[in-house]
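Values below: every heavy atom of this structure, side chains too, minus hydrogens, waters and symmetry copies. All values reported here derive from a predicted model rather than from experimental measurement. One-based numbering, in listed order, for ligands and for the atoms of each.
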Amino acid sequence: MSDGAALPAGVQVLERGWLSSNSILLGGDPRGTVMVDTGYCTHADQTAALLAQSLASKASTLRLIVNTHLHSDHCGGNARMLELHRCPVWIPPGDYVHIESWNEERLSFLLTGQQCPRFKPTGALQPGSVLEQAGLGWEVHAAPGHDPHAVLLFEPISKTLISADALWEHGFGIVFPEIAGEPGFEEVEASLDLIERLSPAIVIPGHGPVFTDANRAMTEARQKLAFFRKNPDRHARHAAKALIVFHMLEVGQQNRAALSEWLQQTPIHRQLHQRFYAATSIQSWTTELLQELSHSGVLAVDSDLIRMAP
Ligand SMILES: [Zn+2]
């Protein structure tokens with residue numbers, strides 16, 4: 001952070017590899033600490049340990065969990081953290097009723113073949129509101145695109161942005177509505193415009209390290225968006241590969257036949273194939289994707305075993 005931008009006092013980022021989103025701890029408040037996003041469920045032990053360590057070092061307690069959006073890698077640790085800390089949890093209002101009734105048909109977990117232990121929300125993280133913590137006001141802004149109901153948090157004094165999957169150092173999250181045949185690219189652009197207006201000095205993304213050169217990241221994100229808009233099939237291909245990598249990060253390694261079987265049964269993989277690549281059989285399309293991931297050095301593909309490349 002050579003240009004001097006720094007996180008506000010008491011803000012700590014827990015980064016645990018790509019499978020889990022970053023968790024952000026907003027400390028420095030006598031009422032307790034606020035946790036933004038809780039990671040994926042298979043990391044819950046690690047997340048719980050990191051949280052306990054941080055709270056103990058500050059003699060603090062957890063007073064509130066908030067989620068930027070309801071994807072398994074952002075709210076998958078909610079159930080465990082709630083069991084341990086019994087605090088309220090606020091979520092973006094768009095999916096509130098579906099989370100409250102755990103309507104799997106309307107949530108993303110079945111669709112993506114990902115896990116998320118059930119939890120009960122207690123309040124809405126309303127766009128337009130301000131989350132007060134440690135004398136700072138974190139503005140809640142709607143940031144649709146990656147997810148229609150996602151929000152981001154912005155603290156205007158330090159100009160700190162918690163961008164979730166709306167902006168990463170190199171791109172942004174899969175534009176899920178586009179996979180379902182609904183518009184999403186325009187919303188991604190509107191969210192990037194919002195971030196440009198906020199003009200953050202420091203960005204805590206949903207995945208990857210904290211960065212300060214928001215302008216450079218915005219330029220790269222806009223280039224990627226323009227490419228995907230022109231070539232929606234390439235966005236679909238990128239999404240399919242990202243979802244395979246997510247699954248492989250979760251399972252570590254899998255026999256080729258079992259992975260193919262799993263993919264053919266995972267609704268979003270079938271949907272991507274049907275909507276964008278139906279001219280090829282799902283088996284050959286899946287094989288192509290695995291080959292591409294092997295060539296780009298992401299997966300190691302032996303004769304029969306597929307695993308994350310070392
Ligand atoms: Zn997400």
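Looking at heavy atoms from C-beta onward, Ile24 lies out of side-chain contact with Met35 at the 4.5 angstrom threshold.
Within the protein, the N, O or S atoms sitting under 2.8 Å from the Zn ion (ligand 1) are His69 NE2, His71 ND1, His146 NE2, Asp165 OD2.
Glu100 and His98 form no side-chain donor-acceptor contact under 3.5 Å, judged by distance and modelled atom types alone.
For His235 and Phe185, the gap between ring centers is short of 6.0 Å.
By the 30° and 60° cut-offs, the orientation of the rings of Trp262 relative to His247 is parallel.
Among pairs with a residue in residues 119-133, those fulfilling side chain to side chain donor-acceptor pair (under 3.5 Å) read Arg63-Gln133, at least two apart in sequence or across chains.
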**Request:** Apply side-chain contact (heavy atoms from CB on, under 4.5 Å) to Lys224 and Phe172, showing your working.
**Result:** CA-CA 9 Å; Lys224 286 199 166 143; Phe172 46 81; 4.1 Å; yes
